[in-house]
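Below is one structure, written out as structure tokens; the observations come after it.
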Amino acid sequence: SGARRAPRSPAHTRMTTLVPNEVVALVFAGDLSPMRAWREHLGLTRAEVATRAGITQAAYAQMETAAKPRATTRKKIAAALGITPEQLNF
């Protein structure tokens with residue numbers, strides 16, 4: 001019934017899963033979670049991300065400090081940050 005989507009090229013996949021050096025440095029040198037590193041890299045507050053994700057700031061704060069966030073959490077927060085869930089999974 002719907003049109004079939006063409007498979008993504010390997011180059012497109014690489015471009016959507018890249019993580020900027022600044023984000024990686026914040027995670028490893030700054031000892032931050034990938035979620036927090038991305039948020040700081042993008043210049044967003046916890047309140048802004050929480051609003052975008054449709055959750056409370058307190059809920060987002062817990063997600064941001066979780067050692068291994070659930071896949072559904074990564075997906076929701078990635079959408080709020082404008083990135084892919086894979087970019088939070090490193």
Checklist entry - Salt bridge check: are E48 and R52 linked by an N-O gap of less than 4.0 Å? => result no

Item to check | Nearest atoms (heavy-atom pairs only) where R46 meets A61 | outcome: NH1-CB, 3.9 Å

Checklist outcome for this item: Closest non-hydrogen atoms of R39 and L81, given as atom of the first, atom of the second and distance, are CA-CD2, 4.2 Å

Checklist entry - What heavy-atom pair brings P85 and A78 nearest, and what distance separates the two atoms? => result N-CB, 3.5 Å

Item to check | CD on E40 to OG on S33, rounded to 0.5 Å | outcome: 9.0 Å

Checklist entry - Do L42 and V49 sit in the same hydrophobic cluster, where Ile, Leu, Val, Met, Phe, Trp and Tyr count as joined when their side-chain heavy atoms come under 4.5 Å apart? => result yes

Next on the checklist: Please check this pair: side chain of T73 against backbone of P69, looking for a donor-acceptor N/O pair closer than 3.5 Å.
Outcome noted: no

Checklist entry - Between Q87 and T84, does any side-chain donor sit less than 3.5 Å from a side-chain acceptor? => result yes

Item to check | Reported NZ-to-CZ distance for the pair K76 and R70, which is rounded to 0.5 angstrom | outcome: 10.5 Å

Checklist entry - Would a hydrophobic clustering, with Ile, Leu, Val, Met, Phe, Trp and Tyr connected at side-chain separations under 4.5 Å, put L88 with L44? => result yes

Next on the checklist: Closer than 3.5 angstrom, by distance alone: can the side chain of R74 be matched with the main-chain N or O of N89 as a donor-acceptor pair?
Outcome noted: no

Checklist entry - With a 4.5 Å limit on heavy-atom distance, are the side chains of V19 and I83 in contact? => result no

Checklist entry - Rounded to the nearest 0.5 Å, how far does CG of N21 lie from NE2 of H41? => result 9.5 Å

Checklist entry - Can you name the closest pair of heavy atoms from V27 and P34 and give their distance? => result CG2-CA, 3.8 Å

Checklist entry - Any side-chain heavy-atom pair from T65 and R36 closer than 4.5 angstrom? => result no

Item to check | Heavy-atom side-chain proximity of F90 to V23 below 4.5 angstrom | outcome: yes

Item to check | Any side-chain heavy-atom pair of I77 and Y60 under 4.5 Å | outcome: yes

